[in-house]
Amino acid sequence: MEMKLNETEKLEPLGKSMRIIVSQAHTFGTDAILLADFSNPKKKETLCDLGTGCGIIPLLWCKKETGDITAVDIQPAACDQLERSLSLNGLKDRVNVVNADLRSLKGVLNFGSFDLVTMNPPYKPVGTGIESESEADKIARHETMCTVDDAVKAAASLLRFGGRFCMCHRPERLCDIICSMRENKLEVKRLRFVCQQEGKPPWLVLVEGKRGAKSHVTVEKNLIMQNADNTDSEEIERIFFDYRKSKG
């Protein structure tokens with residue numbers, strides 16, 4: 001179907017005839033695609049993506065056989081953009097888009113009803129780094145509207161007992177994440193560090209916490225993005241295969 005785009009938007013192919021609307025304000029990066037893969041939703045699980053932005057994670061989930069999917073964002077423009085992407089792909093019946101503040105979800109979503117919650121949160125605490133100019137960038141990149149604690153508390157409220165919360169963040173924030181999860185009755189069960197190449201320090205950490213679980217964490221082997229000759233690693237080729245193929 002034809003889709004009217006504004007001057008800052010474009011269509012990005014995701015493979016298997018799926019396309020997503022991205023804009024200057026609401027787009028996606030490598031970390032979101034890695035998080036979608038790491039979360040690995042199971043058949044018929046009920047899913048929720050917090051701070052969904054352009055909706056890349058819910059759209060990638062739609063390639064799998066899952067239960068109901070909910071996408072939450074505080075910015076009306078992001079929700080509108082995702083709604084149009086869903087219409088473009090004939091997926092309006094798969095994803096429920098909710099324009100809401102994740103800090104105030106009581107009465108908006110059913111607490112204790114989700115099997116899996118994800119979030120690719122803002123990485124920079126307020127007052128650190130060069131602050132983004134636009135309001136949308138500030139919300140996406142700085143903890144102006146959502147801290148680590150805010151994200152973890154929201155996820156803990158939404159998850160049923162045994163449900164999982166998957167998030168990505170900078171490795172230097174790992175202690176904050178673990179402490180916040182434990183305070184909110186989520187036990188870290190899986191950790192995976194992402195490195196550009198073998199031997200280089202990680203630039204991203206993928207974390208899975210489980211509601212009501214006992215203390216025991218599995219540290220998975222590092223996800224290496226590039227081989228020594230700067231070609232994509234075998235795992236990155238698998239994760240990005242549909243996306244790269246669709247772009248030719």
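Atom set for the values below is all heavy atoms of this structure, side chains included, hydrogens, waters and symmetry mates excluded.
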Residues R170, L204; criterion side chain to side chain contact (heavy atoms under 4.5 Å, CB included); working and verdict: CA-CA 5 Å; R170 297 296 183 231; L204 188 75; 3.8 Å; yes

Test side chain to side chain contact (heavy atoms under 4.5 Å, CB included) applied to R182 and L186, step by step: CA-CA 5 Å; R182 183 161 279 180; L186 297 177; over 6 Å; no

Evaluation steps, side chain to side chain contact (heavy atoms under 4.5 Å, CB included), between M181 and V207: CA-CA 10 Å; M181 283 196 179; V207 185; 4.0 Å; yes

Side chain to side chain contact (heavy atoms under 4.5 Å, CB included) assessment of F240 paired with I33: CA-CA 8 Å; F240 285 81; I33 296 177; 3.5 Å; yes

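To the nearest 0.5 Å, atom CG of residue N96 and atom CD of residue E83 are 8.0 Å apart. Interatomic distance, I74 CD1 to C79 SG, rounded to the nearest 0.5 Å: 10.0 Å. To the nearest 0.5 Å, atom CD1 of residue I239 and atom CG of residue D37 are 4.0 Å apart. Within the model, atoms OG of S85 and CZ of R19 stand 10.0 Å from one another, a figure rounded to the nearest 0.5 Å. Atom CG of N120 sits about 9.5 Å away from atom CG of L206, to the nearest 0.5 Å. Rounding to the nearest 0.5 angstrom, the gap separating the NZ atom in K200 from the SG atom in C195 is 10.5 Å.
In this structure, the side chains of Q81 and E9 come closer than 4.5 Å at one or more pairs of heavy atoms. Two residues are said to be in side-chain contact when any heavy atoms from C-beta on lie closer than 4.5 Å; H169 and P121 meet this criterion. The closest side-chain heavy-atom distance from N89 to I20 is not below 4.5 Å. Using a 4.5 Å cut-off on side-chain heavy atoms (C-beta onward), C168 and L34 make no contact. Contact check for V194 versus N222: no side-chain heavy atoms found under the 4.5 Å cut-off. A heavy-atom distance below 4.5 Å is found between the side chains of V117 and C48. Considering only heavy atoms from C-beta on, T52 comes within 4.5 Å of L82 through its side chain. Side-chain contact check for L102 versus L105: some heavy-atom pair is nearer than 4.5 Å.
There is a side-chain donor-acceptor pair under 3.5 Å between D49 and T118. Side chains of D101 and S104: no donor on one and acceptor on the other come within 3.5 Å. Side-chain atoms of T8 and N6 form a donor-acceptor pair, as typed in the model, at a separation below 3.5 Å.
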Show which side-chain atoms of residues 62-71 pair as donor or acceptor with protein atoms under 3.5 Å away, not counting sequence neighbours.
unit_1	atom_1	unit_2	atom_2	d
K63	NZ	L14	O	2.5
T66	OG1	R94	NH2	3.1

Side-chain donor-acceptor pairs under 3.5 Å in residues 151-164, sequence neighbours left out?
unit_1	atom_1	unit_2	atom_2	d
S157	OG	K153	O	3.0
R160	NE	D115	OD1	2.3
R160	NH2	D115	OD1	3.2
R164	NH1	S39	O	2.9
R164	NH1	E208	OE1	3.2
R164	NH2	E45	OE1	3.0

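At a threshold of 4.5 Å between side-chain heavy atoms, the hydrophobic network of Ile, Leu, Val, Met, Phe, Trp and Tyr places V95 and M18 in one connected group. One hydrophobic cluster, built from ILVMFWY side chains closer than 4.5 Å, holds both V108 and V72. Taking hydrophobic clusters as Ile, Leu, Val, Met, Phe, Trp and Tyr residues chained together by side-chain heavy-atom distances below 4.5 Å, V217 shares a cluster with F165. Linking Ile, Leu, Val, Met, Phe, Trp and Tyr residues whenever their side-chain heavy atoms come within less than 4.5 Å places F28 and W203 in a single cluster. Grouping the Ile, Leu, Val, Met, Phe, Trp and Tyr side chains by contacts below 4.5 angstrom, directly or via other members, places L50 with V148.
Side-chain N or O atoms of N184 include one that pairs as donor or acceptor with a backbone N or O of S180 at under 3.5 Å. Looking at D80, its side chain never comes within 3.5 Å of a backbone N or O of A77 through a donor-acceptor pair. When atom types are taken as modelled, the side chain of D73 and the backbone of G53 share a donor-acceptor pair closer than 3.5 angstrom.
A 6.0 Å sphere centred on CD of E234 holds no more than 12 heavy atoms belonging to other residues, nucleotides or ligands. Within a 6.0 Å sphere centred on NZ of K189, other residues, nucleotides and ligands contribute more than 12 heavy atoms. For E198, the CD atom sits in a loose shell: 12 or fewer heavy atoms of surrounding residues, nucleotides or ligands are nearer than 6.0 Å. Residue K42 qualifies as enclosed at atom NZ: its count of foreign heavy atoms under 6.0 Å is above 12. Atom CG of N110 sits in a sparse spot, with 12 or fewer heavy atoms from other residues, nucleotides or ligands closer than 6.0 Å.
Considering all non-hydrogen atoms of both residues, I224 and Q196 come closest at CG2-O, 4.3 Å. The shortest non-hydrogen separation linking M119 to G51 is CE-CA, 4.2 Å.
Among residues two or more places apart in sequence or in another chain, the side-chain contact (heavy atoms from CB on, under 4.5 Å) test is passed with D229 by N227, T231. Every residue meeting the side-chain contact (heavy atoms from CB on, under 4.5 Å) condition with E220, not counting sequence neighbours, appears here in chain and number order: F38, R190, R192, T218. Residues forming a side-chain hydrogen bond (donor to acceptor under 3.5 Å, both in side chains) with N99 (at least two apart in sequence, or on another chain): none. For K10, the side-chain contact (heavy atoms from CB on, under 4.5 Å) partners at least two apart in sequence or on another chain are E12, V22.
Salt-bridge check for E187 with R211: failed, with every basic side-chain N at 4.0 Å or more from each acidic carboxylate O.
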